[in-house]
Amino acid sequence: MAVAAGTTSKADPLTLIQLCVDYRTLLGKRDDLGMALATSDGARLVELESFFVRNARERAAPSISRRDQQRRPLKLAAQVRASDGDFYDALLADISGTGAFIETPTPLPTGARTVLRVIEPLSGREWRIAAEVAWAQPDKGMGLRFVGIPLVLRVGLHRSRPALSAA
């Protein structure tokens, strides 16, 4: 699965999820666990950062509204864990390596911890990313900031690496 660095609307949504999980996993290894990354993992992290980071010329917005990474648009069925532990359906509208926007008529309150879950319908493959609600707008949705280490790293399943191609 190749995704060109300049592509947004044509990127396969499940590839975007995998790229985000790869990015979060490598950051978790390096920053949260203090592990030295292998040369190939270090190169992969640089590649993923390039994929998600905004162009420096786009940083004209006030610093409070600026994001460090470009959100990649997608429309993908997802689930979000509520405070009672149950998952409810939502729509994943965009994603970056550090967060996502979830369309839902019932957003969680700002500061709430949650888990974003995406399940590939054909294979049943599942991705889970821990997050915190950065902001919420009633009847619209919520912005999530990814936190912690993806479940895939904690259970040692980090093996798949979709390729990025140069734009």
Side-chain angles (χ1 to χ4, degrees), residues 1 3 5 7-9 11-33 44-45 47-55 58-59 61-121 124-155 157-158 160 162 164:
M1 291 185 265
V3 176
T7 301
T8 57
S9 61
D12 171 32
L14 295 173
T15 298
L16 288 173
I17 296 294
Q18 185 61 56
L19 294 172
C20 176
V21 169
D22 285 353
Y23 178 72
R24 300 298 311 164
T25 299
L26 292 170
L27 281 180
K29 279 181 166 180
R30 185 189 71 190
D31 299 344
D32 296 337
L33 298 177
R44 177 67 171 171
L45 183 56
E47 183 181 33
L48 289 166
E49 286 171 341
S50 296
F51 180 75
F52 284 118
V53 172
R54 293 178 143 232
N55 184 318
E58 295 179 54
R59 294 184 176 252
S63 62
I64 195 158
S65 65
R66 223 185 327 188
R67 288 192 174 102
D68 290 335
Q69 295 190 348
Q70 178 179 349
R71 293 286 175 96
R72 301 289 178 150
L74 66 148
K75 295 289 183 190
L76 191 62
Q79 295 181 324
V80 179
R81 187 173 64 202
S83 58
D84 64 5
D86 289 338
F87 282 89
Y88 67 91
D89 293 334
L91 182 68
L92 177 55
D94 67 40
I95 193 166
S96 73
T98 57
F101 175 67
I102 305 298
E103 293 179 4
T104 176
T106 54
L108 298 171
T110 301
R113 291 287 184 130
T114 188
V115 172
L116 172 65
R117 179 165 73 176
V118 176
I119 300 172
E120 184 178 15
R125 183 171 183 198
E126 180 176 334
W127 293 269
R128 290 184 184 212
I129 306 171
E132 178 179 77
V133 178
W135 59 270
Q137 187 174 13
D139 298 322
K140 299 274 188 207
M142 59 189 161
L144 300 180
R145 176 178 35 254
F146 297 140
V147 296
I149 302 170
L151 177 63
V152 70
L153 177 59
R154 288 183 270 164
V155 297
L157 300 175
H158 180 61
S160 173
L164 293 175

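This chain uses plain numbering: 1 for the first residue, then up along the sequence. Keep in mind that the numbers below use all heavy atoms, side chains included, and drop hydrogens, waters and symmetry copies.
For residues 90-111, the set of pairs meeting the ring pair (Phe, Tyr, Trp, His ring centres under 6.0 Å) definition, not counting sequence neighbours, comprises Phe101-Trp135.
Side-chain contact between Phe52 and Thr98 is absent, with no heavy atoms from C-beta onward closer than 4.5 Å. Side-chain atoms of Leu26 and Arg30, non-hydrogen and from C-beta on, never get closer than 4.5 Å to each other.
Considering all non-hydrogen atoms of both residues, Ala77 and Leu91 come closest at N-CD1, 4.1 Å. Smallest separation of non-hydrogen atoms from Ser96 and Arg71: OG-NE, 3.6 Å. Considering all non-hydrogen atoms of both residues, Ala93 and Glu103 come closest at CB-OE2, 3.6 Å. Minimum heavy-atom separation, Asp94 to Pro73: CB-CA, 4.0 Å. Minimum heavy-atom separation, Ala100 to Leu92: CB-CD1, 3.6 Å.
Atom CD1 in Ile119 sits 12.5 Å away from atom CZ in Arg125 (nearest 0.5 Å). For the atom pair Glu120 CD and Gln18 CD, the distance stands at 10.0 Å (nearest 0.5 Å). Interatomic distance, CD1 of Ile102 versus CG of Leu144, reported as 5.0 Å (0.5 Å rounding). Here the straight-line distance linking atom CG of Asp22 with atom OG1 of Thr15 works out to 10.5 Å at 0.5 Å rounding. Note that CG of Leu19 is 11.0 Å distant from CG of Leu14, once rounded to the nearest 0.5 Å.
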Would you mind writing out the side-chain donor-acceptor pairs for residues 106-114 within the sub-3.5 Å range, not counting sequence neighbours?
unit_1 : atom_1 : unit_2 : atom_2 : d
Thr114 : OG1    : Arg81  : N      : 3.2
Thr114 : OG1    : Arg81  : O      : 2.6

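Arg72 contributes a side-chain N or O that, together with a main-chain N or O of Phe51, makes up a donor-acceptor pair within less than 3.5 Å.
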Side chain to side chain contact (heavy atoms under 4.5 Å, CB included) between Val118 and Ile129, intermediate numbers included: CA-CA 9 Å; Val118 176; Ile129 306 171; over 6 Å; no
Side chain to side chain contact (heavy atoms under 4.5 Å, CB included) between Thr104 and Val80, intermediate numbers included: CA-CA 10 Å; Thr104 176; Val80 179; over 6 Å; no
Check against side chain to side chain contact (heavy atoms under 4.5 Å, CB included), Cys20 and Phe146: CA-CA 10 Å; Cys20 176; Phe146 297 140; 3.4 Å; yes
Worked verdict on Arg24 versus Trp127 for side chain to side chain contact (heavy atoms under 4.5 Å, CB included): CA-CA 12 Å; Arg24 300 298 311 164; Trp127 293 269; over 6 Å; no
